[in-house]
Amino acid sequence: MPGLFDSLGGDDSPRAETDAVAGWASVAVEGGMDTFPEGLTYAVPRGLASLGPGQRVEVPFGRGNRRARGIVVARMEELPSGLAAGRVKSILAADDRTPPLSAHLLDLAAWISRYYICPMGVTLDAMLPAAVRRGAGLVTQTMVDLPAEAPTSSGRLGPNQKSVLATVADLPAAKRPIEMGELASLAGVEGTASIRGLIGRGLLIGTQRRSIRGGDGIEAHAMLASGPPPELTEDQHRVVSDLTEVLDQGFSRHLLYGVTGSGKTEVYLRLLERTVAAGRSALLLVPEIALTPQTIGRLLSRFPEVPVSVLHSGLTPAQRHRQWTLAADGTARIVTGARSAIFAPIPDDSLGLVIVDEEHDASYKQDQAPRYHGRDVAIRRAQQAGCPVLLGTATPSLETWHNTTARHLIRLHRLPKRAPGLNLPKVQVVDFGKERRRFNDRRVHLIGPTLGKGLADCIADGGQALLLLNRRGYANYIACSDQRCGWMQTCSECDAGMVCHRPERRDHPGPEFLRCHHCDAEQRVPRTCPECGHGVVVFGLGTQRVEEELRRILPDLGPEAIVRVDSDSMDSPRDLHRVLEALGRGEVRVLLGTQMIAKGLDFPGVRLVGVVNGDTSLSMPDFRASERTFQLINQVAGRCGRGEAAGRAIVQSFQPDAPAIRLAALHRFEAFAQGELEDRVRFDLPPHRRMARLVVRDEDETKAKAAAERLLENLRPGAAAAEVELRGPAPCPIARIAGRHRIQIELLAPSAGAIQTLLQDARRAGHLRPGEGLAVDVDPVALL
Ligand code: ADP
Ligand code: ZN
Ligand code: ZN
């Protein structure tokens, strides 16, 4: 981008002239190859002598000396041995617009790059948002003022210039310096040539100021709350005072384990308040900020005087840049956002508290390189800053629970009861196999008699209901109507079925179509079976079909009173907020959706929560299937009973006796965790073991298999020495996605250290080149 870098110019040869060199630097090139940990060595030209670590620069890269961007990771006085000065290229320019990354962030990047086996350049890319790197919305303004001493002779002035000078002279001191364009319009002159002329002659002083245009973009994403803060309950009070005590005691880890609606958010707010009052800044991570406008609203309403920076996906690039800068220059005292907000550039000496809300949430794990876990990075960051980190949840991840109860690394704080006046909902599990037999027509029924009656009663009583179905689309199976044939529609690029969708907009009726949820390929619904020519049938479930059924069984509700929320029906976070506002006003009576509605909602009118398919997530080929199911049911059931009226939840399930479902219904997390942890020990799985997963990908299946075999052979000697168990190679549960075959190798060991030893050695030996052909996932959370 022109003008981005202050180029030194004049030097066509990128090689360093030794006498013009002010030292050496190691640079991690953006997106570049894996040069961890050193980066590439470059000469620092004299003109850039003050260049420090964290600074973004432009360097010649590769054979053709392509201009590439990178970040200085270290400065060296001496050239590393083995390098000849004449062969080292020179840094071309410094990007003085992007503030340098702090020492802690650089260090954090190095840790992530090492631990998660990801090139430093790729890690730094993830750390520094594209909007910041591009300088989105950045404008340079000229601020105009009178010189300290008026020049003796002003020479001849034109009428415009006279008018400008008079205008500046008349300005009250507080209004100066004034932006050049504003001055021009105040003085009633067209263009700024006359002002520039005056600056050139020394009659006015012009200074450059950079600012980022575009508003904050925060309020639009928050649902503001009102009213004074509630009086803390005894339990909340105890937790707040225990945690206040450790606020200035250096690094410590804490778990706030409190049932849904127990007032965890209130505890966060008090701790944020104390941190800010003590003159420090705080970081609050939330799972998906677009889905939690209420939490952000509570934050903004509670601290109207405190500058808060909100980093989320709904911001324009300029807004994101602005929010980032507010954190970087120390203006923002509270920074909040989803996973990547853990990289917010809060000054190193200022960070005083890190909070991770809903720490169990899978969205904290990034599913592309760097495959970091936001919660674990948060712990690391708190350790660097020497401050406490607080993880909060009603359903701790088993990793966190294990680290708390067995390893005693994390201190436990409990909120066992709901906030005053609120009661946990009664959760009823219905056996959906039996329920379905109670219908005597041949129609498809996704909502059984119990849930149907519950809904009708709730609506008749003036209540509101939430209905969870963890599947988008209309129906998820398309098959031959002749069972003897057995043909089923799969995606041509993935080893997975396709999902039938109805077009979204009612004003654009079109035919149903099929979509692959792994590669997004679409096609028409075939009329006949390609194998035998019989007709095809569409079956299974999806949110669109449940919506259809809801409208049928609740005919008295108007079209606006039933709303479906999933990533197909919602185009932007704003859409969701509109729906939630309508829910708050009581206009929406039944809200149906995917897990988008399972989190963070706090609406007193919601009296019934229905789970259409309680066990869908149980059948996933993933050892965390039970844990996820427990979390989901517990979280979604927790959305009701937040008002005066008692809450009720109904869970439909084909496996009503599965522990995850039975115990979630009884709100018995600890009993569930105990049984589940025993299973993990029995099968040698996390958190009892640490895990890493390597996925080899290739369009050619034979090549993929061969590459995986080679990788395994390369790992085998080190694995034996480090006592790491290797499992595989084997096809991934979804053996092909977007045309690429996927073969996995799993690494399991009693400690993270053992896996690290093996992976680092393999990396140094060049056996792990993360990229298109290989994904390395340390502490994986998704195993498909
Ligand atoms: P959690 O984060 O544990 O789900 P919240 O902090 O959202 O719980 O609290 C649930 C509801 O109870 C909110 O509406 C909140 O305003 C209210 N609340 C929290 N603490 C108290 C309290 N001490 N007294 C009265 N109401 C409270
Ligand atoms: Zn596909
Ligand atoms: Zn057929």
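In each ligand, atom 1 is the first atom listed, and ligand 1 is the first ligand listed.
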Exercise. If you measure every N/O of Pro230 against every N/O of ligand 1, is any gap under 3.5 Å?
Worked result: no
For this session: Check whether the side chains of Ser363 and Asp361 place a donor and an acceptor atom closer than 3.5 Å, and report yes or no.
Result: yes
Exercise. Taking only heavy atoms of Glu231, which atoms of ligand 1 are found under 4.0 Å from at least one of them?
Worked result: 22 (C), 23 (N), 24 (N)
Exercise. Taking atom types as modelled and ignoring hydrogens, do the side chains of Thr404 and His402 form a donor-acceptor contact shorter than 3.5 angstrom?
Worked result: no
Seminar exercise, completed: Near Thr233 (heavy-atom distance under 4.0 Å), the atoms of ligand 1 are 23 (N)
Exercise. Does ligand 1 have an atom under 4.0 Å from some heavy atom of Pro420?
Worked result: yes
Problem set entry | N-O pairing of Arg414 and Glu670 below 4.0 Å | yes
Problem set entry | NZ/NE/NH1/NH2 to OD/OE distance under 4.0 Å, Arg238 and Glu234 | no
Exercise. Taking it one step at a time, do Glu266 and Arg302 satisfy salt bridge (Lys or Arg N to Asp or Glu O under 4.0 Å)?
Worked result: CA-CA 10 Å; Glu266 190 56 44; Arg302 185 64 64 85; 2.9 Å; yes
Exercise. Taking only heavy atoms of Leu232, which atoms of ligand 1 are found under 4.0 Å from at least one of them?
Worked result: 23 (N)
Exercise. With respect to atom 14 (O) of ligand 1, which of Thr265, Asp602, Leu415 exhibits the smallest heavy-atom separation?
Worked result: Asp602
Exercise. Of the choices Pro229, Gly263, Pro604, which has the non-hydrogen atom that lies closest to atom 8 (O) of ligand 1?
Worked result: Gly263
For this session: May I ask whether Val267 places a heavy atom under 4.0 Å from ligand 1?
Result: no
For this session: With sequence neighbours excluded, tell me which residues meet side-chain hydrogen bond (donor to acceptor under 3.5 Å, both in side chains) with Thr265.
Result: none
Exercise. Quick one: are the ring centres of His501 and Phe513 less than 6.0 Å apart?
Worked result: yes
Exercise. In ligand 1, which numbered atoms sit nearer than 4.0 Å to a non-hydrogen atom of Val259?
Worked result: 3 (O)
Problem set entry | Residues Arg740 and Glu772 bridged, charged N to O under 4.0 Å | yes
Seminar exercise, completed: Candidates Arg298, Glu266, Gln635; heavy atom nearest atom 16 (O) of ligand 1 found on Arg298
Exercise. Using 4.0 Å as the upper bound for N to carboxylate O, is an ion pair formed by Asp357 and Lys264?
Worked result: no
Exercise. Do the side-chain N and O atoms of Thr543 and Arg472 include a donor-acceptor pair separated by under 3.5 angstrom?
Worked result: no
Problem set entry | Donor on one side chain, acceptor on other, Thr393 and His360, under 3.5 Å | yes
For this session: Could you count the protein N, O or S atoms found under 2.8 Å away from the Zn ion (ligand 2)?
Result: 4
For this session: For atom 20 (N) of ligand 1, grab the closest protein heavy atom and report residue, atom and distance to one decimal in Å.
Result: Gln236 NE2, 3.0 Å
Exercise. What's within reach of the Zn ion (ligand 3), meaning protein N/O/S atoms under 2.8 Å?
Worked result: Cys480 SG, Cys485 SG, Cys529 SG, Cys532 SG
For this session: Measure from the side-chain N and O atoms of Gln236 to the backbone N and O of Thr233, and report whether any donor-acceptor pair falls under 3.5 Å.
Result: yes
Exercise. Which residues satisfy the side-chain contact (heavy atoms from CB on, under 4.5 Å) test with Arg607, sequence neighbours excluded?
Worked result: Cys458, Asp461, Ala645
Problem set entry | Arg693 and Gln744 side chains, donor-acceptor separation under 3.5 Å | yes
Seminar exercise, completed: Closest to atom 1 (P) of ligand 1 by heavy-atom distance, out of Arg639, Glu358, Lys264, is Lys264
Problem set entry | Atoms of ligand 1, numbered as shown, that sit under 4.0 Å from any heavy atom of Ala419 | 12 (O), 18 (N), 19 (C), 21 (C), 27 (C)
For this session: Assign the ring pair His254 / His413 to parallel, tilted or perpendicular, where the plane angle (0 to 90°) is split at 30° and 60°.
Result: tilted
Exercise. Cut-off 3.5 Å, side chains only: do Ser397 and Arg375 have a donor facing an acceptor?
Worked result: yes
Seminar exercise, completed: Nearest non-hydrogen contact to atom 10 (C) of ligand 1 from the set Gly638, Gly261, Gly421 belongs to Gly261
